[in-house]
Amino acid sequence: MTGEAAGVVRLEAVAKSFGSVKALAGVDFTVDAGELIGLVGHNGAGKSTLMHILAGTLAPSAGRIVIGGTVRPDYSVATAQALGLRCVFQELSLCPNLTVAENTRVIHAGLTGIGWRRRAGALIGRKLDEIFPGHGIDPADVVQDLSIGRRQMVEVARAFTVTDEPLHLVILDEPTSSLDAHTAGQLLAHVRRAVAGGVSCILISHVLGEILDNADRVLIMRDGAVVAGGPAADYDRGRLVAAMGADHRRAAPPAASGKARGAAPERVRAATPQGGAGLLARAGEVIGLAGLAGHGQTEMLLRIFDGARRRIPGVEVRGRVALVAGDRQRDGVFPLWSIADNIAVGSIAALRRGLLISRRREEALAEQWRRAIGIRTPDMANNILTLSGGNQQKALFARALACDAPIILMDDPMRGVDVGTKLEVYDLIRAEARKGRTFVWYTTEIEELDHCDHVYVFRGGAVVADLGREELTEEKVIQSSFLEASQA
Ligand SMILES: Nc1ncnc2c1ncn2[C@@H]1O[C@H](COP(=O)(O)OP(=O)(O)OP(=O)(O)O)[C@@H](O)[C@H]1O
């Protein structure tokens, strides 16, 4: 294989069906060497399926994969690896019970013999240092002990490690979805450097700014097909969104109420574990938690969640709570259950008829939410894992909103949700808040803070800034995220 040909991947009329669902309806698409392609599309458009076909983890139902000018009928995970194709999966693929170094060995069969663990550790350690300076990850860390953001960093760094096999194409499926803005910036800068060095990348993202700022070329998928594409310079946000078939309207953040806080009853008052100033949330408020990932926001949500069930010093919670988990793989979905059961599990009391759960009521509830937030499936009785990642996340939202808890805790809940749906969910949150529900919302997307009435910025487990709607700016949030807690 020549160097030039090796960098070129072409898919010809690639199709894939899952039972009656046509995930890919005949996709043609070429990646040239040293090119950064931005791939966008609504939830369920077929992006991840396409990527799994390129990774060799799914076989196409029809069509051809051509690599370096050669048709590859025998395409498999091993072929992909040998030909220099790597994937960073949206549902992270690291083995949770192995260390970071051992997970690196998994994709480098050549790392054998005495001292392989040390060499694998050095390899991934160097790559982490290069991409994410100050990452705080030890190659000896066991993956399941790492936060979802750090797992995502390991997965990304591992994809860029090289031993004796070439590296030609890296496909990144929503690689920044669990990263804060600073870490996402480090990753994207690395991707640009890699592309400048001749590696090709396909970047799948729902954060359209990331695509427009970084890609050379964009491809837009809709309902299993590539429907548009061209130089990224020819596109802006509006054109991308229109081509995706999503609602074109820009989310209009609610106008600042101008009201001083204090009118509505208190629902949550929670100090940080060290006893420092914490947060206050009132009925009808949307409270944002911001700051760099892993600085105590998720812990705060869990403290409130626990505080609703038992006495925790410094935490007062008035009312039941529902939690939208951020790590859907680990804490969110019940993988053996149907979509309908996954939604209804939060509302069992309301669905009871005598001692039994009413199937009819459960189906009606699931159907109501399928329509409310557009969960794309032919049948809500299907297993939850048949949904695309973004659609699974929508089901978790539906679970929390369908139950009657007055307090909803959300741990970076929009991971992988497409732009059109996000706008609908923002509206839904506002509507529920107007009815008196309280939302405590940790987000890694700074833009989402526009939808909050009040924002607490976290650093090192402490609240370092307390910003009302009127004073909220991206600059202030970023500045305080980096300030030492003692300086704030
Ligand atoms: N194992 C499966 N069984 C049945 N249907 C599936 C399976 N995997 C994917 N699908 C369906 O294929 C379609 C495409 O899904 P895919 O995950 O490729 O979408 P996507 O564009 O990556 O979406 P997202 O932005 O939410 O990640 C969806 O309708 C999904 O429900």
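In each ligand, atom 1 is the first atom listed, and ligand 1 is the first ligand listed.
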Counting heavy atoms under 4.0 Å, the part of His206 that contacts ligand 1 is side chain

Quick one: are the ring centres of His190 and Phe132 less than 6.0 Å apart? no

Using modelled atom types and a 3.5 Å cut-off, is there a donor and acceptor pairing between side-chain atoms of Asn103 and backbone atoms of Cys95? yes

Shortest protein contact, atom 27 (O) of ligand 1 (heavy atom only): Gln90 NE2, 3.1 Å

With a 4.5 Å limit on heavy-atom distance, are the side chains of Leu172 and Ile202 in contact? no

Just to check, does Gln393 reach to within less than 4.0 Å of ligand 1 when the distance is taken from its heavy atoms? no

When you measure from atom 12 (O) of ligand 1 to every protein heavy atom, which one gives the shortest distance, and what is it? Ala23 CB, 3.3 Å

Looking only at distances, can you tell me whether any N or O atom of Leu50, backbone or side chain, sits closer than 3.5 Å to an N or O atom of ligand 1? no

May I ask you to decide if Ile408's main-chain N or O and Arg437's side chain share a donor-acceptor pair within less than 3.5 Å? no

For the CZ atom of Phe439 and the CG atom of Leu428, what is their distance to the nearest 0.5 Å? 7.5 Å

I need the contact type for Leu387 against ligand 1. Using non-hydrogen atoms and a strict under-4.0 Å cut-off, is it side chain, backbone, both or neither? backbone

Give a yes or no answer on whether the side chain of Asp216 reaches the backbone of Glu35 with a donor-acceptor pair at less than 3.5 Å. no

Any idea which of Lys47, Lys22, Arg222 brings a heavy atom closest to atom 25 (O) of ligand 1? Lys47

Numbered atoms of ligand 1 (with element) below 4.0 Å of Gly389, judged on heavy atoms: 26 (O), 27 (O)

Rounded to the nearest 0.5 Å, what separates atom CG in Leu39 from atom CE in Met51? 10.0 Å

Verify whether one side chain among Asp173 and Ser48 offers a donor that lies under 3.5 Å from an acceptor in the other. yes

Any N/O pair Arg376/ligand 1 closer than 3.5 Å: no

Give me the residue, atom name and distance of the protein heavy atom closest to atom 29 (O) of ligand 1. Val21 CG1, 3.7 Å

for atom 18 (O) of ligand 1, nearest protein heavy atom and its distance come out as Thr49 OG1, 2.5 Å

Got a salt bridge between Arg217 and Asp234, using NZ or NE/NH1/NH2 to carboxylate O under 4.0 Å? no

Please answer whether the main-chain N or O of Arg430 pairs with a side-chain N or O of His451 as donor and acceptor at a distance below 3.5 Å. no

Interfacing atoms of ligand 1 (cut-off 4.0 Å, heavy-atom, His42): 21 (O)

Ranked by distance from atom 14 (C) of ligand 1, the top protein heavy atom is Gly44 O, 3.4 Å

Atom 2 (C) of ligand 1: which protein heavy atom is closest, and how many Å away? Phe18 CD2, 3.5 Å

Honestly, is Lys16 close enough over Phe18, meaning NZ or CZ under 6.0 Å from the six-membered ring centre and within 45° of the axis? yes

Got a donor-acceptor contact below 3.5 angstrom from the Asp453 side chain to the Glu285 backbone? no

Atom 24 (P) of ligand 1: closest protein heavy atom, distance to 0.1 Å, is Asn43 ND2, 3.5 Å

Geometric N/O contact Leu385 with ligand 1, under 3.5 angstrom: no

shortest atom 6 (C) of ligand 1-to-protein heavy-atom contact is with Thr386 O, 3.1 Å

Heavy-atom gap Gly41 to ligand 1 smaller than 4.0 Å: no

Element-labelled atoms of ligand 1 that are located less than 4.0 Å from some non-hydrogen atom of Ala45: 19 (O), 20 (P), 21 (O)

